[in-house]
Amino acid sequence: MKVVLPDRSELELPDGATGLDAARAIGPKLAEQAVLVRSNGRVQDLRLPLEDGQPVQILTTRDKDDPDALAVLRHSSAHLLAEAVRRLYPGVKIAIGPPIETGFYYDFEFPEPIREEDLPRIEEEIDRELAEGREWRREEVSPAEAKQRFLEENEPYKVELVDTAEGPISFYTQGDFTDLCRGPHLQNSKPIKAVKLTSLAGAYWRGDEHNKQLTRIYGTAFYSKEDLDAYLAKIEDARRRDHRRLGPELDLFHFEEVSPGSALWHPKGMVIWNALEDLRREENARRGYLEVKTPLVWDVELWKRSGHWDNYRENIFQIPYGETLYALKPMNCPGHMLLFNSKLRSYRELPLRFAEAAVLHRDEPTGSLHGLLRARQFSQDDAHVFCTEELVQDEIDAMFDYLGYLYDRLGVRDLAHAELSTRPDKRLGTDADWDHTERILRAAIDRMGMRYRVAEGEGAFYGPKIDFFMDDALGRPWQMGTIQLDGQQPARLGCTYMGSDNREHMPYLIHRALFGTLERFIGILIEHYGGAFPFWIAPVQVRVIPVGADHRVAAEQLRDELAEYRVEVDDRDETVGRRIRDAELEKIPYVIVYGDKESDESLAVRQRGGEQANLPLARLREELATL
RNA sequence: GCCGACGUAGCUCAGCUGGUAGAGCACUUCACUCGUAAUGAAGGGGUCCCCGGUUCGAGUCCGGGCGUCGGCUCCA
C-alpha cells in the first residue's frame, strides 16, 4: 500500500502499516517525536493502521500550537490525572476525562469530598509519574470483556459508557492504569513538559442535573513550560479586561448586594448606554420600526396564555397583590401582541414593526449571574414584526442587514458567530409548523452566506431562532442578537388580520433583538476594547490640561469651542505628568495640554497611547469629525 | 439551584497557633505653580458581609444566611 505525504510525495508501506510505521519509514527522529496522524482533517492514533491511498500528515511535538496536537497531549494528561487520583484516593470512581479548548478535565466520584487545597498533592503525584515516565499501550476489546473488567473494578460509570458505546471499544493503559478510551494518545509521557491543575468544580454525570454530581478537576498541559507561562499571562490579561473590574474602575456602573444581578449605572456608563440607545432610535426610525411602550407588571394570566408560565415559571419574578398574582415582565412579546390586537388589523398595515427597549426582569439562578453579561434586570433592543407569510423572508433579510450595520458601527462584526437552533423537545405547534419555520430561517441564513452552527433542539418553545454569539475576554461565548420566527404565540393570543380575501388570517411574528441586551452588549464592548472605547462612545472624549493656573481660562475657552464633544478640563493642582497619567488610565481618547506655547493655531494634542502632534484647532475639528 | 473557593478602609491587599486592626493607592488640608504615564508633607477614614454559637475574650474557631469568583445545570 502507499500513502500520500503533505509534500505530495508517495510513501510505499507494507499492508496494514500504522502511522507510527509510516513515521519510522521516514526517519527515527520523526518516529520518536510523532504525536498523531491527521488525514483529511480527521485525527487518528499513531497505533492504528493507515488506509491505502490516504493522505497522511504526521504531527510531532514540534506542532506544539496545533489544536489537535495539544488535544492529544492534554487527553493523555487527563489519564495521568486519573492514575494519580486513583492511587491517592482508594475507592474513587472514575467517569470521563476529555481534552477541552484550554486544557482538560476528569470527572470523579470521591468517597470523601475533596477540596482545592488537595490539588497540589495530586499535582505532585502527576509530576512523579512524569519523572518516572509512562508509555501508553492501546488494545481493542469486546464490549463484554470491557464490561466484565469494569464490573470487577467496581467502576459503574465506565460500565454505563461501555453499554452505550458505539463502534469498537479500546483501552489505553499507562503504568497500572487502564482506561476506556477512544484516543488518540501520545506514545509516552516525554512530550508533557508542563501540567497544571487549575480548579475544582461540581459537574453532573452526563451533564444532566437529575444525575449525581461528580467532582471535576480541571487542568491544562503544554509541550513546553514557556507555553504554560504564556497561557497564564493570557489569563492575567483577560482578568484586566474583565468588565466587572473595568466597570467600577472606569466609573461606568457597579452592583450592590441588596439587588444582585441589577447594575447601578453611573453617569459615564450612561453616556455609553445612551450612545447605543440613540443609534437604536435613529436606525429604528429609518428602518420603519414604531416605538411603543407596554407595562412592566402584568397579571400572570397573560404569561399563562402566552405559554411562558408553563416553560419558565421559576424564572419569573412574582408579585402577589391581594387575590391576584402579578409578575414583572420577562419579555415584551405578549404585550406587543395585545397592542396588535387593540384594533382590527388589515393586511395593508403589515408589516407592523413594534420596537421597545423596556426594562425586563428574569430571576436567573444565583450561580449563573455574571456582571452585565448575565443579569436579572436588563433591557433588550427588542422588536416584534407582525407580517404575512410572503413578507417573512424580506423582513428577516432586512434584520440581517440591520444587524450587520450595527455590528460594523461598533467594530464587533468579526466577534460574532451564528447558530441556528431547531425545535426543542418541549414545544408548541405541530411538526409541520416547525418544518416550515425552520426551513425559512435556514434559507435566510444561507442567503446571507454566513457561517453558522446548527444547535439541534435548542430553539424557543414557540419557534426556531438564529442567535449571534460573541466571546468575552476569556473566550466564553454569550448570546447577543437573536432572530426568532414564531408561528405559535400569535395563535395563542388570538392575533389576526383581515386579508385581501376579506377573511381573517394569523400573522407570523418575528422576534428580534440585535444588540441582544444593552447590558450584555456593553459588557462585551468593555472587554473587547479593554475599556478604550472608540471616540464616539467614549464617556469623556477630550481632556484639556492647562499647564498652570494662568491657562485655565484658555482651557475653558477651548472646551467651549468644542462644545459638541464631551470635553473636560482637568485643572487640578497636580503636575502635568500626573494629569496625563490619570487621563491615560481613564482611557480618554484625546488629551490637549494647554500652556504658554499653545494657541488656536497650534494645539498640543496627545492621543490615547502616547502619540503626539501639534495642530491648529481647525485641523483637530476635522479629525474629530471623522471619528 | 448544585460543587469548590473567597468576603478586612472607596480600591488592591497584609493580619502567625483567639488578646478589641495595618500598608499602598484614592480622599481632605497645606506647601510647590508645574510641559506629555505618579511632587512632597500632614490628616481623616473600619458594624473586619450578616445572624447565631463556643470562649473571660472572636476579624481569627463552629453553625446558618447573603454576596462574589471558577465551573455544572439553566438561559424564552
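Proteins get letters first, then strands, A, B, ... in listed order; numbering begins at 1 in each.
Protein atom CG of A/Asn315 is 9 Å distant from nucleotide atom C1' of B/rA76, rounded to whole Å. Computed from coordinates, the A/Arg606 CZ to B/rA37 C1' distance equals 6 Å when rounded to whole Å. For the pair A/Glu257 CD and B/rC49 P, the interatomic distance rounds to 10 Å; values are reported in whole Å. The interatomic distance linking A/Tyr312 (OH) with B/rC75 (C1') rounds to 8 Å, in whole Å. Counting to the nearest Å, the C1' atom of B/rC72 and the CG atom of A/Asp208 are 11 Å from each other. Straight-line distance from the CD1 atom of A/Ile510 to the P atom of B/rA76: 18 Å, rounded to whole Å. If you measure from atom CG of A/Asn311 to atom C1' of B/rC74, you get 13 Å, rounded to the nearest angstrom. When rounded to the nearest whole Å, the span between CZ of A/Arg520 and C1' of B/rC75 equals 8 Å.
Look at A/Arg245 and you won't find any side-chain N or O under 4.0 angstrom from OP1 or OP2 of B/rU12. Within the structure, a side-chain polar atom (N or O) of A/Thr575 is placed less than 4.0 Å from OP1 or OP2 of B/rU39. Neither OP1 nor OP2 of B/rG35 sits under 4.0 Å from any side-chain N or O of A/Lys597. The side chain of A/His210 places no N or O atom within less than 4.0 Å of a non-bridging phosphate oxygen (OP1 or OP2) of B/rU73. Between A/Arg244 and the phosphate of B/rG70, there is a side-chain N or O to OP1/OP2 separation shorter than 4.0 Å. The side chain of A/Arg476 places an N or O atom within less than 4.0 Å of a non-bridging phosphate oxygen (OP1 or OP2) of B/rG71.
When heavy atoms are screened at a 4.0 angstrom cut-off, A/Gly207 is found touching the sugar-phosphate backbone but no base atom. Within the nucleic acid shown, A/Gly367 comes within 4.0 Å of at least one base atom, counting heavy atoms only. Within the 4.0 angstrom heavy-atom criterion, base atoms lie near A/Ala201. Residue contacts for A/Glu314: at a heavy-atom cut-off of 4.0 Å it reaches no nucleic acid atom on any strand shown. Within the nucleic acid shown, A/Phe461 has no heavy atom closer than 4.0 Å to any nucleic acid atom. Among the protein residues, A/His511 comes within range of no part of the nucleic acid, since none of its heavy atoms lies under 4.0 Å from any strand. Heavy atoms of A/Glu117 sit nowhere under 4.0 angstrom from any nucleic acid atom. Residue A/Tyr105 is classed as having no contact, given no heavy-atom separation below 4.0 Å to the nucleic acid. Within the nucleic acid shown, A/Leu585 comes within 4.0 Å of at least one base atom, counting heavy atoms only. Across all strands shown, A/Asp582 has no heavy atoms under 4.0 Å from either base or sugar-phosphate atoms. Using a 4.0 Å heavy-atom distance criterion, A/Ala604 is classed as a base contact. Using a 4.0 Å heavy-atom distance criterion, A/Pro330 is classed as a base contact. The residue A/Glu598 sits close to a base: some heavy atom pair falls under 4.0 Å.
Heavy atoms only, all atoms of each residue included: A/Val359 and A/Leu296 are closest at O-CD1, 3.6 Å. Nearest heavy-atom pair across A/Trp434 and A/Pro464 is CZ3-N, 3.3 Å.
For A/Tyr462, taking side-chain heavy atoms from C-beta onward, the closest of the listed nucleotides B/rA37, B/rA76, B/rG4 is B/rA76. Each of B/rG1, B/rG71, B/rA76 was ranked by its minimum atom distance to the side chain of A/Thr366; first place goes to B/rG1. With distances taken from any side-chain atom of A/Ile316 to the nucleotides B/rG67, B/rA76, B/rG35, the minimum falls on B/rA76. Closest to the A/Asp573 side chain, of the nucleotides B/rA31, B/rG35, B/rG1, is B/rA31. The side chain of A/Arg115 lies closest to B/rG4 when the candidates are B/rA76, B/rG67, B/rG4. Across B/rU39, B/rC72, B/rC34, the shortest atom-to-atom separation from the side chain of A/Arg578 is found for B/rU39. In this structure, of B/rC66, B/rG1, B/rU36, it is B/rU36 that holds the atom nearest to the side chain of A/Val576. Among B/rG35, B/rC75, B/rA38, the nucleotide with an atom closest to any side-chain atom of A/Arg581 is B/rA38. When the nucleotides B/rG35, B/rU73, B/rG4 are ranked by their closest atom to the side chain of A/Pro113, B/rG4 comes out on top. Listed candidates were B/rG35, B/rC72, B/rC75. Nearest to the side chain of A/Arg374 is B/rC75.
Using P as the reference atom, B/rC11 and B/rG46 are 14 Å apart when rounded to the nearest Å. Taking atom C1' on both nucleotides, B/rU12 is separated from B/rU68 by 16 Å, rounded to a whole Å. Between B/rG44 and B/rA9, the two C1' atoms lie 11 Å apart (nearest whole Å). The gap from the P atom of B/rG18 to that of B/rC56 amounts to 15 Å, rounded to the nearest Å. Taking atom P in both B/rC25 and B/rA38, one finds a spacing of 14 Å when rounded to whole Å. B/rC61 and B/rU55 have their C1' atoms separated by 10 Å, with the value rounded to a whole Å. Between B/rG1 and B/rG65, the distance separating the two P atoms is 10 Å to the nearest Å. Taking atom P on both nucleotides, B/rC66 is separated from B/rC51 by 15 Å, rounded to a whole Å.
The environment of CZ in A/Arg245 is crowded: more than 12 heavy-atom neighbours from other residues, nucleotides or ligands sit within 6.0 Å. Within 6.0 Å of atom CD in A/Glu314, more than 12 heavy atoms from other residues, nucleotides or ligands are found, so the atom counts as buried in its surroundings. Within a 6.0 Å sphere centred on CD of A/Glu112, other residues, nucleotides and ligands contribute 12 heavy atoms or fewer. Shown here is A/Arg115, whose CZ atom has no more than 12 heavy atoms of other residues, nucleotides or ligands within 6.0 Å.
When ring centroids are compared, A/Phe340 and A/Phe354 stay outside the 6.0 Å threshold.
Where A/Phe255 and A/Gln612 meet RNA chain B, the nucleotide closest to each residue was compared, and A/Gln612 sits on the side nearer the 5' end. Checking A/Gly459 against A/Val591, the closest nucleotide of RNA chain B that is more toward the 5' end is the one next to A/Val591.
One N or O on the side chain of A/Arg492 and one on the backbone of A/Arg305 form a donor-acceptor pair closer than 3.5 Å.
For the residue pair A/Tyr289/A/Arg512, the side-chain donor-acceptor check at 3.5 Å is satisfied.
Taking 3.5 Å as the limit, the base of B/rG35 and the side chain of A/Tyr594 contain no donor-acceptor pair of atoms between them.
The line from CG of A/Asp435 to OG1 of A/Thr422 is 11.0 Å long, rounded to the nearest 0.5 Å.
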